[in-house]
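Step one of this worksheet: look at the structure below.
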Amino acid sequence: MKSDCIKTIVCQERKKDPIEMFCSGRLVKVCAPMVRYSKLAFRTLVRKYNCDLCYTPMIVAADFVRSLKARDSEFTTNQGDCPLIVQFAANDARLLSDAARIVYPYANGIDINCGCPQRIHDDLTRTVDLCRKAEATGVSWITVHGRTVEERHQPVHYDAIKIIKENMSIPVIANGDIRTLKEAENVWQITGTNGVMVARGLLANPAMFDGYEETPLRCIWDWVDIALELGTPYMCFHQHLMYMMEKITSRQEKRIFNALSSTSAVLDYLTNHYGI
């Protein structure tokens, strides 16, 4: 586990309870946990563009507890990486507790992944019942992806999220097919939830929470700076740029850019084509 927040240096935001944000009455904009993608460099980028709360990628609690290598690989943070929620996958309460104890000095909360692939049930009363049981155990908030387990690209059931929210006393976050700030605001209004969580929309446009319809060149430049400063591996560095530039490049440009195989080649391409 690598961290610049070494014991004596704690970001002031780290001391805040995210519940205060959810109860503020304003839209809370959340970066979703994304395996391979929502790591420190990307979290740093979206925070520059009005993202309120970030999640780590899903971490397998058992591996995290048992392996120093896994801890160093899976959890990296720094002083500005807050507020931060660490997501674990676990089926053993003791291992989950042990993993939480390791990261809690560096995080604002611990999240348990209960949604891959289970999401809402066809019988919505079962989902409401599950959420109520979770609330009864003392969880602070719940995030709901508005699709059933069989659904992948079908429209999101925002009406179902609204019903779940109406049956809960704790904050609820809505998730599913949000691509722009306007869509985020609409979903927030439709569902009555306390915030919205975005995954693919932020991959395609890390500046979306700041109102941009597509990734601005300034954001691409910020990603280059952040990724190089933090030593982001090339595959991750390049893949993020492929997502960010999807809407601003032609099919021919995509073929060329996606075939690049080194950081220097990427930097040359960006300089030649966009003056970055």
Side-chain angles (χ1 to χ4, degrees), residues 2-5 9 11-14 21 27-57 75-85 106 108 178-185 195-250 253-254 256-258 260-276:
K2 301 173 183 176
S3 171
D4 292 337
C5 297
I9 304 175
C11 172
Q12 291 302 308
E13 294 292 323
R14 202 79 84 197
M21 289 194 297
L27 169 62
V28 179
K29 301 176 287 294
V30 184
C31 176
M34 292 176 277
V35 174
R36 296 187 300 278
Y37 294 119
S38 60
K39 294 197 171 186
L40 175 60
F42 188 71
R43 298 195 301 266
T44 302
L45 180 66
V46 297
R47 291 186 195 280
K48 288 177 66 73
Y49 291 90
N50 212 23
C51 182
D52 298 310
L53 181 66
C54 291
Y55 280 60
T56 68
F75 183 67
T76 304
T77 187
N78 61 22
Q79 187 175 356
D81 186 28
C82 50
L84 177 67
I85 306 300
Y106 313 105
N108 296 79
I178 298 170
R179 306 283 183 169
T180 66
L181 178 59
K182 184 176 180 180
E183 288 181 0
E185 292 169 339
V196 297
M197 176 182 282
V198 179
R200 287 178 295 178
L202 280 174
L203 283 180
N205 178 12
M208 66 160 282
F209 282 147
D210 219 21
Y212 291 92
E213 295 293 318
E214 59 186 30
T215 308
L217 292 179
R218 179 165 64 91
C219 183
I220 294 174
W221 174 241
D222 285 337
W223 170 247
V224 171
D225 282 347
I226 292 167
L228 295 183
E229 180 182 354
L230 294 177
T232 302
Y234 175 73
M235 291 292 290
C236 180
F237 169 67
H238 188 214
Q239 188 69 52
H240 274 292
L241 285 170
M242 289 166 61
Y243 278 117
M244 292 181 205
M245 298 170 64
E246 175 71 22
K247 291 184 179 180
I248 63 174
T249 52
S250 67
E253 289 172 331
K254 286 183 180 66
I256 296 171
F257 184 80
N258 294 357
L260 298 178
S261 58
S262 70
T263 299
S264 60
V266 168
L267 296 179
D268 287 343
Y269 180 94
L270 294 176
T271 299
N272 294 334
H273 286 76
Y274 301 104
I276 296 180

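With K254 contributing its side chain and E246 its backbone, the two residues share a donor-acceptor pair below 3.5 Å.
For the atom pair K247 NZ and T215 OG1, the distance stands at 8.0 Å (nearest 0.5 Å). Interatomic distance, CE of M34 versus OG1 of T56, reported as 11.0 Å (0.5 Å rounding). A distance of 10.0 Å separates OH of Y234 from CD of Q239, quoted to the nearest 0.5 Å. Expressed to the nearest 0.5 Å, how far SG of C219 lies from NZ of K48 amounts to 9.0 Å. Atoms CG and CD1, on L53 and I85 in that order, are 5.0 Å from each other to the nearest 0.5 Å.
Across all their heavy atoms, H238 and F257 have their closest contact at NE2-O, 2.9 Å.
The ring-ring contact (aromatic ring centres under 6.0 Å, His included) test applied to F209 returns no partner, not counting sequence neighbours. Evaluation of the side chain to side chain donor-acceptor pair (under 3.5 Å) rule for H240 yields no partner, not counting sequence neighbours. In this structure Y49 satisfies the ring-ring contact (aromatic ring centres under 6.0 Å, His included) test with no other residue, sequence neighbours excluded. T180 pairs by the side chain to side chain contact (heavy atoms under 4.5 Å, CB included) definition with K182, E183, E213, not counting sequence neighbours. Residues satisfying the side chain to side chain contact (heavy atoms under 4.5 Å, CB included) criterion with A41, sequence neighbours excluded, are W223, I226, L230, T232. In this structure, E214 has no side chain to side chain donor-acceptor pair (under 3.5 Å) partners at least two apart in sequence or on a different chain. Every residue meeting the side chain to side chain contact (heavy atoms under 4.5 Å, CB included) condition with P33, not counting sequence neighbours, appears here in chain and number order: Y55, Q87, M197. For S261, there are no side chain to side chain contact (heavy atoms under 4.5 Å, CB included) partners, not counting sequence neighbours.
Annotation: side chain of Y106 is not in contact with side chain of L84 (no heavy-atom distance under 4.5 Å). Residues W221 and L270 are not in side-chain contact: their nearest non-hydrogen atoms beyond the backbone lie 4.5 Å or more apart.
Residue pairs meeting the salt bridge (charged side-chain N to carboxylate O under 4.0 Å, His left out) criterion with at least one member in residues 197-207, sequence neighbours excluded: D177-R200. Listed by first and then second residue, the salt bridge (charged side-chain N to carboxylate O under 4.0 Å, His left out) pairs involving residues 215-242 amount to none (not counting sequence neighbours). Every pair passing side-chain hydrogen bond (donor to acceptor under 3.5 Å, both in side chains) that includes a residue from residues 29-44 is listed here, sequence neighbours excluded: K29-D52, R43-D81.
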Next item on the list: Begin from the C-alpha positions of Y212 and L181 and carry the test side chain to side chain contact (heavy atoms under 4.5 Å, CB included) through to its verdict.
Entry: CA-CA 8 Å; Y212 291 92; L181 178 59; over 6 Å; no
Margin query: Between L45 and M244, is the side chain to side chain contact (heavy atoms under 4.5 Å, CB included) condition met? List the steps.
Written below: CA-CA 12 Å; L45 180 66; M244 292 181 205; 3.6 Å; yes
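Of the residues L202, D210, N205, the one that meets the side chain to side chain contact (heavy atoms under 4.5 Å, CB included) test with V46 is L202.
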May I have the list of side-chain donor-acceptor pairs in residues 262-269 shorter than 3.5 Å, sequence neighbours left out?
{"unit_1": "S262", "atom_1": "OG", "unit_2": "S264", "atom_2": "OG", "d": "3.2"}
{"unit_1": "S262", "atom_1": "OG", "unit_2": "A265", "atom_2": "N", "d": "3.1"}

